[in-house]
Enquirer: 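Questions regarding the structure given below will be posed in turn.
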Amino acid sequence: MTSGAYDADVIVIGAGLAGLAATAELAEAGRKVILLEQEPASGLGGQAHWSFGGLFLVDSPEQRRLRIRDSHELAWQDWLGSAGFDRPEDHWPRKWAEAYVDFAAGEKRSWLHRQGVRLFPVVGWAERGGYEATGHGNSVPRFHITWGTGPGLVEPFARRVRAGVARGLVELRFRHRVTGLARSAGAVDTVTGDVLEPSDAERGTPSGREVAGAFELRAQAVIVTSGGIGGNHDLVRANWPERLGRPPERMLSGVPAHVDGRMLGITEAAGGRIINRDRMWHYTEGIDNWDPIWPRHGIRILSGPSPLWLDAHGKRLPVPLFPGFDTLGTLEHIMRTGHDHTWFVLTRKIIEKEFTLSGSEQNPDLTGRSVRDVLGRALPGAPGPVQAFMDRGADFIVERSLGDLVRRMNQLTKEPLIDEAALRREIVARDREIANSFTKDLQVTAMRGARKYLGDRLIRTAPPHRLLDPKAGPLIAVRLSILTRKTLGGLETDLSSRVLTESGEALPGVYAAGEAAGFGGGGVHGYRSLEGTFLGGCIFTGRTAGRAAAKAVG
């Protein structure tokens with residue numbers, strides 16, 4: 001336990017999901033913890049609060065009920081095909097990947113269930129890949145949505161932390177911004193920083209950076225759970241990999257501005273090693289939020305497979321870059337076109353069935369755990385949040401005729417990039433492929449294949465139809481932008497979450513978890529994610545760091 005020389009046994013930096021998981025484990029092991037967070041108390045739970053609550057699980061009861069045959073072997077095959085580990089630095093990331101797939105196929109669901117986490121019964125099929133069996137993508141649906149979305153997943157960990165507060169083991173210090181880590185007696189045991197002015201800012205909104213004072217705290221161990229760089233567009237561009245083409249000139253933010261990577265630099269300055277800086281995960285289906293919470297706030301469209309996906313000039317994206325198949329493959333293609341935006345063209349019949357918006361606030365039925373409202377998704381009409389974007393979103397165009405649709409698309413981008421006649425030929429050719437059960441159009445094949453899965457047939461994939469069928473209309477065009485999201489690289493850690501130095505030795509006293517650690521090892525995903533693995537990665541690495549630190553300081 002804490003000696004007189006220390007303010008706590010462990011200091012945790014960052015009150016997101018990974019930080020909460022670590023703190024909960026420490027408190028339940030009887031350790032005294034100070035949890036530091038630069039945002040106000042309203043920000044407890046961090047980015048996870050805003051999430052859809054998706055969890056990667058393998059061979060779950062939900063999958064089996066839907067006749068999905070999954071296995072540890074198949075999941076590991078998919079992970080390796082997506083990660084593409086090919087660097088000496090991938091030693092620890094690969095070990096973390098093995099451990100995480102074991103967790104997802106083993107105790108993950110039952111452990112979360114014991115804490116009160118419940119799952120939506122329909123399993124989603126994200127990142128379908130579309131390549132060979134050993135390539136990128138999920139071979140089967142594995143995206144399990146938390147009942148209650150992000151807030152529902154944060155809730156049990158926040159509850160466990162508050163129980164630690166009630167026992168006198170956890171001290172929550174909001175508006176504490178860390179500026180340095182220092183050593184004494186060989187180990188990193190001192191955390192310094194600024195106390196920021198109190199703020200009543202709502203979650204996610206700018207909270208101010210006025211300094212009211214300073215702090216210095218000491219502990220036997222420090223756990224860094226401060227997130228990534230997605231809110232810092234300059235840093236995203238600085239780390240942008242050549243393999244993805246040129247960095248976008250215009251990007252939307254899928255995370256609040258305070259997700260700026262500051263703590264990564266501070267930990268590196270203290271001796272920690274950052275690896276895989278050029279690995280990142282950004283979405284290509286971003287739309288401007290008509291009701292933003294943070295600067296440049298973007299929302300991702302989670303679409304079924306039916307919208308026609310066009311580049312800035314109105315040309316279809318190549319196979320297999322269909323909605324929901326290969327996020328980074330699509331990003332690479334887009335960034336080589338010379339433009340930052342693309343388009344979905346679809347019908348009302350498609351948008352009513354296939355459009356879901358990512359985020360807890362965009363899914364009030366699931367977030368509010370309302371069975372009646374969820375069942376309402378099966379009724380005619382677009383979901384309420386989707387309809388709000390159709391009515392108010394700057395990126396949505398609704399017209400009865402293709403000519404009017406193209407005219408307004410060109411008006412929105414202020415360039416006559418799309419030729420109506422060429423686009424009409426493209427759509428008519430695609431529509432002819434719908435006429436019978438045979439086709440050479442692989443997107444049509446993918447649509448029909450999706451409807452063989454009961455989950456997609458029920459709520460995610462519209463019956464194939466002609467886009468120019470007036471009965472399916474009106475026509476809808478949606479301008480899509482690049483949306484920053486996750487840092488796949490990070491602080492290199494061993495399987496005890498200890499941060500490593502350039503020499504490969506543990507940095508004494510320092511642990512890392514969540515996005516700051518690349519969700520494990522400094523890059524557990526390798527080059528690509530299978531989705532549903534970010535929240536689970538925060539939980540798994542946070543739990544590991546908490547348990548390891550508790551043992552080390554015991």
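For reference, positions follow the sequence shown, starting with 1.
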Enquirer: Please report the C-alpha distance between Arg479 and Ile287 in whole Å, then the side-chain angles of each, then the deciding distance to 0.1 Å, and finally whether the side chain to side chain contact (heavy atoms under 4.5 Å, CB included) criterion is met.
Expert: CA-CA 7 Å; Arg479 181 181 62 176; Ile287 51 176; over 6 Å; no
Enquirer: Side chains of Asp391 and Gln387: donor-acceptor distance under 3.5 Å anywhere?
Expert: yes
Enquirer: Could you check whether Phe344 and Trp309 have their ring centres less than 6.0 Å apart?
Expert: yes
Enquirer: Give a yes or no on whether a salt bridge exists between Arg407 and Glu420, defined as a side-chain N under 4.0 angstrom from a carboxylate O.
Expert: no
Enquirer: Could you check whether any side-chain heavy atom of Leu302 comes within less than 4.5 Å of a side-chain heavy atom of Phe355, counting everything from C-beta outward?
Expert: no
Enquirer: Report yes if the side chains of Ile459 and Lys353 come closer than 4.5 Å at any heavy-atom pair, otherwise no.
Expert: no
Enquirer: Is the shortest side-chain N to carboxylate O distance from Asp70 to Arg142 below 4.0 Å?
Expert: yes
Enquirer: For a side chain to side chain contact (heavy atoms under 4.5 Å, CB included) check, start with the C-alpha distance between Thr342 and Thr284, then their side-chain angles and the critical distance, and finish with the verdict.
Expert: CA-CA 8 Å; Thr342 57; Thr284 53; 5.7 Å; no
Enquirer: For residues Leu480 and Ile301, determine if any side-chain heavy atom of one lies less than 4.5 Å from a side-chain heavy atom of the other.
Expert: yes
Enquirer: Any side-chain donor paired with an acceptor under 3.5 Å for Asp102 and His72?
Expert: yes
Enquirer: Could you check whether Ser71 and Asp59, counting side-chain N and O atoms only, form a donor-acceptor pair closer than 3.5 Å?
Expert: no
Enquirer: Could you measure the distance from the NZ atom of Lys486 to the CD atom of Glu515? Nearest 0.5 Å is fine.
Expert: 4.5 Å
Enquirer: Identify the heavy atoms of Trp343 and Ala477 that sit nearest to each other, and give their distance.
Expert: CE3-CB, 4.0 Å
Enquirer: Would a distance-only check, ignoring hydrogens and angles, find a side-chain to backbone donor-acceptor pair under 3.5 Å from Thr330 to Asp326?
Expert: yes
Enquirer: Just wondering, more than 12 heavy atoms not from Glu249 lying within 6.0 Å of its CD?
Expert: no
Enquirer: Would you find a donor on one side and an acceptor on the other, under 3.5 Å apart, between the side chain of Arg67 and the backbone of Leu454?
Expert: no
Enquirer: Using modelled atom types and a 3.5 Å cut-off, is there a donor and acceptor pairing between side-chain atoms of Glu98 and backbone atoms of Lys95?
Expert: no
Enquirer: In sequence, state the C-alpha distance, the side-chain angles, and the governing distance for Leu264 and Leu491, and then conclude on side chain to side chain contact (heavy atoms under 4.5 Å, CB included).
Expert: CA-CA 7 Å; Leu264 288 170; Leu491 293 163; 4.0 Å; yes
Enquirer: So which atom in Pro474 and which in Glu399 form the shortest heavy-atom distance, rounded to 0.1 Å?
Expert: CB-O, 3.4 Å
Enquirer: Would you check if Ser306 and Pro464 make a side-chain contact, meaning some heavy-atom pair closer than 4.5 Å?
Expert: no
Enquirer: Let me see the working for Asn239 and Ile229 under side chain to side chain contact (heavy atoms under 4.5 Å, CB included), right down to the final yes or no.
Expert: CA-CA 10 Å; Asn239 290 310; Ile229 67 172; 3.8 Å; yes
Enquirer: Please find the pair of heavy atoms, one from Ala446 and one from Phe325, that lie closest to each other, and give the distance.
Expert: CB-CZ, 3.8 Å
Enquirer: With a 4.5 Å heavy-atom cut-off, do Leu80 and Arg94 have their side chains touching?
Expert: yes
Enquirer: Given Arg316 and Asp441, is the salt bridge (Lys or Arg N to Asp or Glu O under 4.0 Å) satisfied, shown in steps?
Expert: CA-CA 12 Å; Arg316 286 179 75 176; Asp441 190 311; 2.8 Å; yes
Enquirer: So, do Pro307 and Ile350 sit near enough that their side-chain heavy atoms are less than 4.5 Å apart?
Expert: yes
Enquirer: When you check the gap from the basic side-chain N to the acidic O, do Glu433 and Lys440 get nearer than 4.0 Å?
Expert: no
Enquirer: Could you report the tightest heavy-atom contact between Asn436 and Arg448, atom names first, then the distance?
Expert: O-NH2, 2.6 Å
Enquirer: Is His282 reaching over with its side chain to a backbone N or O of Met280, donor-acceptor style, under 3.5 angstrom?
Expert: no
Enquirer: Please report the shortest heavy-atom distance between Ile299 and Leu483, naming the atom on each side.
Expert: C-CD2, 4.0 Å
Enquirer: Would you check if the side chain of Asp311 reaches a backbone N or O of Gly314 as a donor-acceptor pair within less than 3.5 Å?
Expert: yes
Enquirer: Would a distance-only check, ignoring hydrogens and angles, find a side-chain to backbone donor-acceptor pair under 3.5 Å from Ser51 to Gly53?
Expert: yes
Enquirer: Aromatic rings His297 and Trp294: how do their planes relate, parallel, tilted or perpendicular, breaks at 30° and 60°?
Expert: parallel
Enquirer: How close do Thr367 and Ser360 get, counting heavy atoms only, and between which atoms?
Expert: OG1-O, 2.7 Å
Enquirer: To the nearest 0.5 Å, what is the distance between CD on Glu285 and OG on Ser481?
Expert: 11.0 Å
Enquirer: Using 4.0 Å as the upper bound for N to carboxylate O, is an ion pair formed by Asp288 and Arg250?
Expert: yes
Enquirer: Around atom CZ of Arg64, are there more than 12 heavy atoms of other residues, nucleotides or ligands at under 6.0 Å?
Expert: yes
Enquirer: With a 3.5 Å distance limit and no angle check, can you tell me whether Arg369 reaches the backbone of Leu366 through a side-chain donor-acceptor pair?
Expert: no
Enquirer: Would you mind checking if Arg430 and Glu426 are paired as a salt bridge, meaning a charged N to carboxylate O distance below 4.0 Å?
Expert: no
Enquirer: Going by an N to O cut-off under 4.0 Å, is there a salt bridge joining Arg243 and Asp278?
Expert: yes
Enquirer: Ring centres of Phe519 and Trp96 under 6.0 Å apart?
Expert: no
Enquirer: Between Asp469 (side chain only) and Lys471 (backbone N and O only), is there a donor and an acceptor less than 3.5 Å apart?
Expert: yes
Enquirer: Between atom CD1 of Ile482 and atom OG of Ser253, what is the distance when rounded to the nearest 0.5 Å?
Expert: 12.5 Å
Enquirer: So, taking the atom named CG in Leu530 and the one named CZ in Arg528, what distance separates them when rounded to the nearest 0.5 Å?
Expert: 10.5 Å
Enquirer: To the nearest 0.5 Å, what is the distance between CD1 (Ile68) and CG (Leu74)?
Expert: 11.5 Å
Enquirer: Within 45° of the six-membered ring axis of Trp147 and under 6.0 Å from that ring's centre, is NZ or CZ of Arg118 located there?
Expert: no
Enquirer: Inspect the contact between Asp456 and Arg451 and indicate whether a charged nitrogen and a carboxylate oxygen are less than 4.0 angstrom apart.
Expert: no
Enquirer: Tell me whether Asn276 contacts the main-chain N or O of Leu488 through its side chain, where contact means a donor paired with an acceptor under 3.5 Å.
Expert: no
Enquirer: Does the pair His136 and Trp79 meet the rule for a ring pair (Phe, Tyr, Trp, His ring centres under 6.0 Å), with working shown?
Expert: CA-CA 8 Å; His136 169 61; Trp79 196 289; over 10 Å; no
Enquirer: I need the Arg377 CZ to Arg460 CZ distance, nearest 0.5 Å.
Expert: 9.0 Å
Enquirer: Please work out whether the ring planes of Phe396 and Phe389 are parallel, tilted or perpendicular, with thresholds of 30° and 60°.
Expert: tilted
Enquirer: Tell me whether Glu531 is salt-bridged to Arg485, with the criterion being a basic N under 4.0 Å from an acidic carboxylate O.
Expert: no
Enquirer: Can you check whether Phe56 and His144 have ring centres sitting under 6.0 Å from each other?
Expert: no
Enquirer: When you check the gap from the basic side-chain N to the acidic O, do Asp419 and Lys315 get nearer than 4.0 Å?
Expert: no
Enquirer: Decide, yes or no, whether a salt bridge links Arg279 with Asp90 under the criterion of side-chain N to carboxylate O below 4.0 Å.
Expert: yes
Enquirer: Going by atom types alone, do Thr327 and Glu127 pair a side-chain donor with an acceptor below 3.5 Å?
Expert: yes
Enquirer: Please answer whether the main-chain N or O of Gly245 pairs with a side-chain N or O of Glu332 as donor and acceptor at a distance below 3.5 Å.
Expert: no
Enquirer: Do Thr533 and His525 get their side chains close enough for a donor-acceptor pair, meaning under 3.5 Å?
Expert: yes
Enquirer: Cation-pi check for Tyr283 against Arg300: NZ or CZ below 6.0 Å from the six-membered ring centre and within 45 degrees of the axis, yes or no?
Expert: yes
